[in-house]
Undergrad: 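What follows is a structure written as structure tokens; I'll ask about it next.
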Amino acid sequence: MAWFRAGSSLAKLAIRRTLSHGGSYVARTRVVPSQSRYFHTTVFKSKAQAAPVPRPVPLSRLTDSFLDGTSSVYLEELQRAWEADPNSVDESWDNFFRNFVGQAATSPGISGQTIQESMRLLLLVRAYQVNGHMKAKLDPLGLEEREIPDDLDPALYGFTEADLDREFFLGVWRMSGFLSENRPVQTLRSILTRLEQAYCGTIGYEYMHIADREKCNWLRDKIETPTQMQYNRQRREVILDRLIWSTQFENFLATKWTTAKRFGLEGAETLIPGMKEMFDRAADLGVESIVMGMSHRGRLNVLGNVVRKPLRQIFSEFSGGTKPVDEVGLYTGTGDVKYHLGTSYDRPTRGGKRIHLSLVANPSHLEAADPVVVGKTRAKQYYSNDVDRTKNMGVLIHGDGSFAGQGVVYETLHLSALPNYTTGGTIHLVINNQVAFTTDPRSGRSSQYCTDVAKALDAPIFHVNGDDMEAVVHVCELAAEWRQTFHSDVVVDVVCYRRFGHNEIDEPSFTQPKMYQVIRNHPTALQIYQNKLLESGQVTKEDIDKIYEKVNSILNEEFLASKDYVPQRRDWLSSHWSGFKSPEQISRIKNTGVKPEILKNVGKAITVLPENFKPHRAVKKVYELRQQMIETGEGIDWAVAEALAFATLLVEGNHVRLSGQDVERGTFSHRHSVVHDQETGEKYCPLDHVIMNQDEERFTVSNSSLSEFGVLGFELGYSMENPNSLVLWEAQFGDFANGAQVIFDQFLSSGEAKWLRQTGLVVLLPHGYDGQGPEHSSARLERYLQMSDDNPYLIPEMDPTVRKQIQECNWQVVNCTTPANYFHVLRRQIHREFRKPLIVMAPKNLLRHKDCKSNLSEFDDVQGHPGFDKQGTRFKRLIKDQNDHSNLEEGIRRLVLCSGKVYYELDEERKKTTAKDVAICRVEQLCPFPYDLVQRELKRYPTATATGFYSVHVKEQTELVQKAVQPEPVQFP
């Protein structure tokens with residue numbers, strides 16, 4: 001194989017050497033008027049030989065490009081097959097390879113066809129497979145100017161017009177598709193016609209970048225079989241009906257609400273029938289549930305026509321709607337614009353099956369919902385025991401500008417094959433308007449196509465002219481088949497246009513005058529398809545009118561019904577969430593202590609390694625110390641407390657998932673949840689063996705890719721599927737979370753209020769100035785407090801019987817100082833009747849601090865033990881002074897409230913100075929603020945004075961106000 005690997009020039013030399021066996025030649029060129037191309041013919045000078053001599057063709061125009069990349073790989077495959085078994089390749093190739101290695105040829109040629117012609121013909125076929133999409137008619141407006149590659153010119157391979165009606169033997173070559181037909185002998189004209197039909201019509205296929213031969217052969221079979229896209233009358237009527245629904249929906253909205261923003265689908269109406277056919281095909285192939293994500297363009301059409309959200313509800317939202325009926329515990333949130341809302345629905349398919357569709361809510365930030373959809377899909381697969389990942393599927397609908405421009409697209413794509421993140425393939429549909437808001441493609445991307453990022457994944461890409469209804473249906477079905485066959489991502493690029501501006505009241509001619517001049521005179525996809533069906537005679541005008549009449553009648557009925565439409569109690573959450581409380585409903589507080597025997601049992605399970613396992617000696621010592629902690633019940637550190645929280649939740653039947661960068665070991669080498677055998681490299685995770693016959697995914701800890709936005713979005717989506725799971729994402733360092741700021745701002749902090757969707761996601765953010773530089777210090781605690789909706793000017797009702805403070809806030813922010821309190825705050829996430837995001841300022845030096853330890857008795861539920869107070873054992877929002885002060889302490893001159901690791905420094909200083917008249921209380925939960933407990937402590941110390949910080953603050957504020965209005969220039973130090 002070395003001679004092929006040496007490069008394309010060497011391969012060309014090999015061909016020339018073979019040519020030289022046949023005789024000498026003189027080349028002349030002639031101009032053929034058609035296409036103004038140069039074709040080469042040959043005058044052959046024969047030598048006296050006994051056997052017939054093949055007619056060689058000159059290689060003067062055969063450049064290295066044909067033997068580059070995939071072509072040389074193809075030749076390598078042929079040679080490898082020939083070396084293994086000479087009979088496995090066609091006789092002409094057998095001659096070629098025998099000639100090259102100096103063996104005698106078994107025959108000089110076949111029917112006058114030279115080996116070189118066979119090779120060049122195969123290279124021509126290969127060129128169409130690789131670059132045929134460059135010649136495809138993809139732009140419905142005909143505005144795109146693309147240079148057709150020379151590779152697709154037969155003249156470049158030495159073929160002339162005189163060769164068009166010559167028959168050529170193609171052979172089978174153990175290849176699929178075009179070359180595997182039972183007609184190995186075809187004229188060059190028929191071969192070229194077939195290539196043009198397959199690769200240069202209204203579909204452009206990009207798949208030759210895929211290294212897997214089986215996948216390429218499968219696609220070749222699908223693409224090169226000429227009968228693939230023939231639909232019968234019944235099928236075409238269904239497609240027409242769906243296209244009329246798609247078109248008339250937009251027309252109806254435009255008529256009734258002329259100035260409303262709706263981000264309509266005009267210009268891309270074929271997307272709706274395409275999606276419906278895709279879902280029908282997917283259901284036939286075993287898909288039972290589809291999770292969708294998309295931005296605003298066409299969202300209302302998808303909601304109404306694909307997901308089947310009641311049309312009267314959509315129309316009611318356009319009219320401003322009415323307030324929901326007054327129900328106890330009804331929570332309506334702040335709401336969001338109608339083209340951001342999601343819904344779910346079970347709909348029947350054309351094949352008689354039912355499929356569950358859910359469209360996740362999304363913010364204005366384009367593509368931000370991508371990882372959320374993929375995470376939710378993965379969770380559905382876990383909870384439905386979809387091990388093969390064939391029953392639950394994700395579908396993402398993108399815009400051309402955002403697919404090329406938003407980094408989260410790649411962050412999501414590259415999760416697709418990672419073991420703990422794969423969903424068995426996502427189908428990507430791109431609504432390619434050929435303009436992003438006002439930006440032309442040439443300013444919006446550096447590559448030929450907006451979909452080129454997907455080539456990094458070996459995903460096939462199907463570009464399709466959005467005006468060709470049946471071509472759109474064909475590639476949508478093909479995408480569903482690919483996904484179900486190969487369980488990997490696939491992209492459908494629907495090249496269409498946007499009939500109006502970015503929104504309906506925008507004027508697009510300001511920036512794209514030529515494009516919109518063409519669009520104004522361009523027929524709709526519906527008009528084009530109607531005319532096609534009328535010309536075919538399969539459908540009459542009466543048939544079409546009947547469909548119009550039916551659709552318009554239903555739209556008008558739904559419009560009338562929308563005027564009296566009153567939203568019923570919101571479909572709060574899916575069936576898994578039934579019984580969970582809204583922020584308006586009082587939820588009782590539950591204890592989080594665990595029975596001592598359970599703690600001991602799971603403690604043993606998580607601190608023991610297999611007998612013959614050989615961990616690193618330092619890790620072995622860590623586990624020996626952990627065993628000692630469990631046995632003695634003393635000195636429990638942070639990592640063991642966390643592992644105990646996970647283990648006890650697992651025993652109770654919950655699912656636990658922890659992911660993030662380097663979480664298996666932990667950034668600070670403290671967790672060691674996955675241990676590596678130093679001799680075999682084998683891995684062992686003690687938390688996978690807490691209960692008998694534990695499902696291997698019940699506990700998942702996984703190092704993630706080096707992504708924040710994508711991975712946090714994934715875990716958010718995962719956590720939204722089922723409340724009976726503790727899902728955690730840990731940042732490598734707390735400030736790295738700003739790479740996922742969109743998820744914090746648009747989803748975590750505001751998702752419940754906007755979309756009525758709860759999540760109990762835990763975010764661990766290592767925080768503290770511990771000498772690792774400015775970028776590894778603060779987790780920016782102030783940002784999370786600033787984003788909280790805890791009212792700083794109003795103390796809420798704090799009576800435990802009616803308190804809803806924590807339910808009404810948007811998230812919780814904690815800064816724990818003891819392993820036991822960390823244990824309880826994690827368990828509290830599950831042991832409550834609602835779900836709320838939790839932001840944890842995770843420690844660094846407290847992981848190994850000599851005083852930051854807890855006793856096992858602080859974890860249990862035994863009355864009289866240290867963790868047990870009036871209500872029982874639970875998370876302490878505030879930890880009172882540890883000096884056993886009474887309920888009324890007269891001798892304290894100062895009360896210090898602090899949070900986090902500074903407590904240990906304060907306590908040490910207090911001990912040094914024997915300041916017994918100073919009380920130190922730790923505020924463990926910063927949001928929502930524990931007003932009741934702070935009041936309790938203030939009452940406990942009636943003689944304690946203020947620390948003076950308030951007067952300093954007033955002085956600073958007064959100076960600032962005075963400086964702002966003083967006539968003199970402001971002088972800053």
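For the numbers below, each heavy atom of this structure counts, side chains included, while hydrogens, waters and symmetry mates do not.
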Undergrad: Tell me whether the count of non-hydrogen atoms from other residues, nucleotides or ligands lying under 6.0 Å of CD in Gln786 goes above 12.
TA: no
Undergrad: Please check if the side chain of Lys754 supplies one atom and the backbone of Gln746 the other of a donor-acceptor pair under 3.5 Å.
TA: yes
Undergrad: Verify whether one side chain among Ser659 and Glu715 offers a donor that lies under 3.5 Å from an acceptor in the other.
TA: yes
Undergrad: Report the residue from Thr817, Asn815, Thr818 that forms a side-chain hydrogen bond (donor to acceptor under 3.5 Å, both in side chains) with Glu924.
TA: Thr817
Undergrad: Tell me, do Leu415 and Ser705 make a side-chain contact under 4.5 Å, heavy atoms counted?
TA: yes
Undergrad: Run the side chain to side chain contact (heavy atoms under 4.5 Å, CB included) test on Val840 and Val762 for me, step by step, so that the C-alpha distance in whole Å, both residues' side-chain angles and the decisive distance to 0.1 Å come before the verdict.
TA: CA-CA 7 Å; Val840 179; Val762 179; 4.1 Å; yes
Undergrad: For the residue pair Asn722 and Asn724, what are the closest heavy atoms and their distance?
TA: OD1-N, 2.8 Å
Undergrad: So, do Phe709 and Tyr410 have ring centers that fall under 6.0 Å from each other?
TA: no
Undergrad: Would you list the pairs meeting salt bridge (charged side-chain N to carboxylate O under 4.0 Å, His left out) in which at least one residue belongs to residues 810-829, sequence neighbours left out?
TA: Glu652-Arg827
Undergrad: Using side chain to side chain contact (heavy atoms under 4.5 Å, CB included) as the criterion, point out the one residue from Thr592, Leu726, Val656 that pairs with Ile830.
TA: Leu726
Undergrad: Verify, without hydrogens or angle tests, whether His767 (side chain) and Gly734 (backbone) share a donor-acceptor contact under 3.5 angstrom.
TA: no
Undergrad: Please find the pair of heavy atoms, one from Glu642 and one from Tyr822, that lie closest to each other, and give the distance.
TA: OE2-OH, 2.7 Å
Undergrad: Measure from the side-chain N and O atoms of Asp637 to the backbone N and O of Val640, and report whether any donor-acceptor pair falls under 3.5 Å.
TA: yes
Undergrad: Side-chain contact, heavy-atom cut-off 4.5 Å: Cys816 with Val825?
TA: yes
Undergrad: Test side-chain hydrogen bond (donor to acceptor under 3.5 Å, both in side chains) on Glu730 and Gln661 and set out the steps.
TA: CA-CA 7 Å; Glu730 181 176 71; Gln661 294 156 19; over 6 Å; no
Undergrad: Taking all non-hydrogen atoms of both residues, which atom of Pro371 and which atom of Gly710 are closest, and how far apart?
TA: CB-O, 3.1 Å
Undergrad: With a cut-off of under 6.0 Å to the ring centre and 45° to the axis, is Arg922 in cation-pi contact with Tyr903?
TA: yes
Undergrad: Side chains of Arg832 and Ile806, heavy atoms from C-beta outward: is any pair under 4.5 Å?
TA: yes
Undergrad: Take Met292 and Val360, measure what side chain to side chain contact (heavy atoms under 4.5 Å, CB included) needs, and give me the verdict at the end.
TA: CA-CA 6 Å; Met292 291 185 285; Val360 303; over 6 Å; no
Undergrad: Find out whether Ser295 and Ile397 are in side-chain contact, i.e. whether some heavy atom of one side chain is under 4.5 Å from a heavy atom of the other.
TA: no
Undergrad: Could you report the tightest heavy-atom contact between Ala779 and Pro766, atom names first, then the distance?
TA: CB-O, 3.8 Å
Undergrad: Kindly indicate whether a cation-pi arrangement holds for Arg657 with Tyr421, taking the cut-offs as under 6.0 Å to the six-membered ring centre and within 45° of the axis.
TA: yes
Undergrad: When you measure from the side chain of Asn821 to the backbone N and O of Lys876, does any donor-acceptor pair fall under 3.5 Å?
TA: yes
Undergrad: Does Lys376 reach the main-chain N or O of Glu721 with its side chain, forming a donor-acceptor pair under 3.5 Å?
TA: no
Undergrad: Say whether, by atom type as modelled, one donor and one acceptor occur between the side chain of Asp695 and the main chain of Glu697 under 3.5 angstrom.
TA: yes
Undergrad: Any luck finding a side-chain donor-acceptor pair between Gln732 and Asp662 under 3.5 Å?
TA: yes
Undergrad: Quick check: do Leu359 and Met294 have side-chain heavy atoms less than 4.5 Å from each other?
TA: yes
Undergrad: Within this structure, what is the CZ-CG distance for the pair Phe929 and Asp790, rounded to the nearest 0.5 Å?
TA: 9.0 Å
Undergrad: How many angstroms lie between OG in Ser402 and NE2 in His365, if you round to the nearest 0.5 Å?
TA: 13.0 Å
Undergrad: I would like to know whether Ser750 and Asn810 meet side-chain hydrogen bond (donor to acceptor under 3.5 Å, both in side chains); could you show each step before the answer?
TA: CA-CA 7 Å; Ser750 56; Asn810 59 333; over 6 Å; no
Undergrad: Can you tell me how far OG of Ser725 sits from CE of Met720, rounded to the nearest 0.5 angstrom?
TA: 12.0 Å
Undergrad: For residues Phe823 and Phe875, establish whether the separation of their ring centroids is below 6.0 Å.
TA: no
Undergrad: Is the side chain of Ser788 donor-acceptor paired with the backbone N or O of Cys927 at a distance under 3.5 Å, no angle test?
TA: no
Undergrad: Given side chain to side chain contact (heavy atoms under 4.5 Å, CB included), test Val814 with Ile839 step by step and report yes or no.
TA: CA-CA 6 Å; Val814 301; Ile839 311 294; over 6 Å; no
Undergrad: Short question: side chain of Asn703, backbone of Glu664 - any donor-acceptor pair under 3.5 Å?
TA: yes
Undergrad: Is there any salt bridge (charged side-chain N to carboxylate O under 4.0 Å, His left out) pair reaching into residues 359-373, and which pairs are they, with sequence neighbours excluded?
TA: none
Undergrad: Any non-hydrogen side-chain atom of Tyr718 less than 4.5 Å from a side-chain atom of Thr377?
TA: no
Undergrad: Would a distance-only check, ignoring hydrogens and angles, find a side-chain to backbone donor-acceptor pair under 3.5 Å from Arg378 to Thr422?
TA: yes
Undergrad: Given 3.5 Å as the limit, does a donor-acceptor pair link the side chain of Ser749 with the main chain of Phe744, or not?
TA: yes
Undergrad: Please walk me through it: do Gln829 and Gln812 pass side-chain hydrogen bond (donor to acceptor under 3.5 Å, both in side chains)?
TA: CA-CA 10 Å; Gln829 285 297 97; Gln812 312 149 102; 3.1 Å; yes
Undergrad: Yes or no on side chain to side chain contact (heavy atoms under 4.5 Å, CB included) for Asp745 and Met787, after CA distance, side-chain angles and deciding distance?
TA: CA-CA 8 Å; Asp745 293 353; Met787 283 194 284; 2.9 Å; yes
